[in-house]
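Presented below is the structure to which this report refers.
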Amino acid sequence: MKRYFLLLIIAFLFMNKANSQDTLPRWKTLPAVEPMPKSDNSGMAAINGALLYYAVFNNNGKDPVLLLHGGFTNSDDWGDEVIRLCKTHKVIVTDTRGHGRSSMSAQPFTYNLFASDVLALLDTLHIQKVAIIGWSDGGVSGLLLAIHHPERISRLFTFGANYNQSAYKTEPPDSTMSAHFMAKVQADYKRLSPTPDSFPKLRKALGKLYSAEPDIPPADLKKIHCPVTIALGEYDQFIKREHAEEMAQLIPGAKLVVIKGVSHGGPLQDPDLFHEAVMQWLSNKE
């Protein structure tokens, strides 16, 4: 009987949570992500003192695309996009060092280290040139790769990324949504990480990173010459729209895309609209 009532309480709480999500505007929600399709191959690559997880989908697809996730999250958050994109393209995902299934070395986090990891992974997978979709931190890594290794990057799509700290809004983000996000990423970390109790270590490492970086000189952005889309959610709670506009102006030929009705979690909140922006970027023949 006690078990029965416990199950009723859990169901009630779940329905309340679902209903509260239903009544919120889309940009204030954290929808569940579709599970990843079956990969063609996956594994752990020994890179720069860490073991990095990767997975490849549609190995025979055209024009490889690498998806780089944001801080605290993991590559599974790309599930909605991978399902759509791997119908036409070869798709690669990876967990940033210290995130998801990847291990953390003693080296301090820097965006240059993250970018170096990506290059080494591409070498491991024998991929000479790739298109990059970078979400938040992943977008910063993508910018650095396009600046310093243009021969390896065919095109770049960033979402919710910034090139320096002037990007950040001064008003604090919604506390309820922030709490839901932190609960989600902690649960994901515990489920996936080889060191499931080390989330505080990840939080400390990212805190140090965010206190000093990114700090990309504007002149460096002008060196990027591949096709670039700078995308931002209409209601991004962290990055100012003016900052995204400035990035698009600094990068030669870059296009600015504001995805309607979503915030920093845009790929989860409206997967179809996000994918539409991605396909427009991929079809750009410049």
Side-chain angles (χ1 to χ4, degrees), residues 54-70 75 78 80-94 96 111-112 114-123 125-163 214 216 218-233 239 243-259 266-267 271-286:
Y54 67 88
V56 181
F57 306 84
N58 189 9
N59 203 35
N60 296 319
K62 65 178 182 179
D63 304 331
V65 182
L66 173 64
L67 308 184
L68 301 177
H69 64 80
S75 59
W78 283 120
D80 295 303
E81 180 57 29
V82 170
I83 287 170
R84 291 160 173 78
L85 190 55
C86 74
K87 293 176 182 177
T88 54
H89 289 71
K90 177 177 181 176
V91 179
I92 307 102
V93 301
T94 181
T96 303
Y111 287 112
N112 281 321
F114 292 167
S116 175
D117 288 345
V118 171
L119 280 179
L121 178 62
L122 293 177
D123 290 341
L125 298 177
H126 306 292
I127 296 174
Q128 184 57 36
K129 202 163 189 174
V130 72
I132 287 181
I133 302 173
W135 182 355
S136 194
D137 282 5
V140 179
S141 298
L143 289 169
L144 289 171
L145 288 163
I147 291 166
H148 299 296
H149 300 277
E151 74 284 357
R152 306 297 299 272
I153 310 302
S154 60
R155 56 184 63 229
L156 174 65
F157 183 104
T158 72
F159 180 79
N162 59 308
Y163 75 92
I216 300 173
D220 281 0
L221 293 178
K222 295 178 181 180
K223 298 175 183 177
I224 299 175
H225 290 289
C226 65
V228 175
T229 289
I230 302 296
L232 187 74
I239 307 299
H243 186 83
E245 291 170 346
E246 184 181 354
M247 276 204 296
Q249 290 168 0
L250 286 167
I251 299 171
K255 292 178 168 56
L256 175 69
V257 172
V258 177
I259 300 181
D272 289 332
L273 202 56
F274 182 84
H275 182 64
E276 181 181 323
V278 165
M279 293 308 291
Q280 288 176 353
W281 160 72
L282 285 170
S283 65
N284 178 5
K285 303 301 182 183
E286 293 180 14

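The structure presented is a predicted model; accordingly, all values stated were derived computationally and were not measured.
Separating the OH atom in Tyr54 from the CG atom in Leu122 is a distance of 12.5 Å, to the nearest 0.5 Å. One finds the CH2 atom of Trp135 at 13.5 Å from the OG1 atom of Thr158 (value rounded to the nearest 0.5 Å). Of the inter-residue distances, the one linking Asn162 atom CG with Ile239 atom CD1 reads 4.0 Å to the nearest 0.5 angstrom. With rounding to the nearest 0.5 angstrom, the OG atom of Ser116 is 11.5 Å from the CZ atom of Phe114. Separating the CD1 atom in Ile251 from the CD1 atom in Ile230 is a distance of 4.0 Å, to the nearest 0.5 Å. Atom CD1 of Ile216 is separated from atom CD1 of Ile147 by 4.5 Å, given to the nearest 0.5 angstrom.
Scanning for side chain to side chain donor-acceptor pair (under 3.5 Å) contacts around Asn112 gives an empty result, with sequence neighbours left out. Applying the salt bridge (charged side-chain N to carboxylate O under 4.0 Å, His left out) rule to Glu245 yields the partners Arg241; only residues at least two apart in sequence or on another chain are considered.
Counting only heavy atoms from C-beta outward, the side chains of Lys87 and Asn58 never approach each other to under 4.5 Å. Side-chain contact check for Leu282 versus Asp63: every heavy-atom pair is 4.5 Å or farther apart. Residues Leu145 and Leu119 are in side-chain contact: their nearest non-hydrogen atoms beyond the backbone lie under 4.5 Å apart. Between Leu85 and Met279, the closest side-chain pair of non-hydrogen atoms falls below 4.5 Å. Asp137 places none of its side-chain heavy atoms less than 4.5 Å from the side chain of Thr96.
Across all non-hydrogen atoms, the minimal contact from Gly233 to Val258 is C-CG1, 4.4 Å. The shortest non-hydrogen separation linking Val65 to His89 is CG2-CD2, 4.0 Å. Scanning all heavy atoms of the two residues, the minimum distance from Asp80 to Pro267 falls at OD2-O, 4.0 Å. Residues Lys129 and Pro64 approach most closely at O-CG, 3.6 Å, considering heavy atoms. Of all heavy-atom pairs between Ala248 and Ala254, the closest is O-CB, 3.5 Å. Of all non-hydrogen atoms in Ser141 and Leu68, the two that sit nearest each other are CB-CD1, 4.2 Å.
Side-chain atoms of Thr229 never come within 3.5 Å of backbone atoms of Phe157 as a donor-acceptor pair (strictly under, hydrogens ignored). A distance-only check finds a donor-acceptor pair linking the side chain of Arg152 to the backbone of Gln128 [under 3.5 Å].
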Worked check of side-chain contact (heavy atoms from CB on, under 4.5 Å) between Glu246 and Tyr163: CA-CA 10 Å; Glu246 184 181 354; Tyr163 75 92; 2.6 Å; yes
Begin with the C-alpha distance, continue with both residues' side-chain angles, and end with the deciding distance and a verdict on side-chain contact (heavy atoms from CB on, under 4.5 Å) for Met247 and Leu143. CA-CA 10 Å; Met247 276 204 296; Leu143 289 169; 3.9 Å; yes
Step-by-step side-chain contact (heavy atoms from CB on, under 4.5 Å) determination, Ile133 to Phe274: CA-CA 11 Å; Ile133 302 173; Phe274 182 84; 4.2 Å; yes
For a side-chain contact (heavy atoms from CB on, under 4.5 Å) check, start with the C-alpha distance between Val82 and Leu67, then their side-chain angles and the critical distance, and finish with the verdict. CA-CA 9 Å; Val82 170; Leu67 308 184; 3.6 Å; yes
Donor-acceptor pairs are to be reported for all side-chain atoms of residues 218-228 against protein atoms at under 3.5 Å, with residues two or more places apart or in another chain.
unit_1 : atom_1 : unit_2 : atom_2 : d
Asp220 : OD1    : Lys223 : NZ     : 3.1

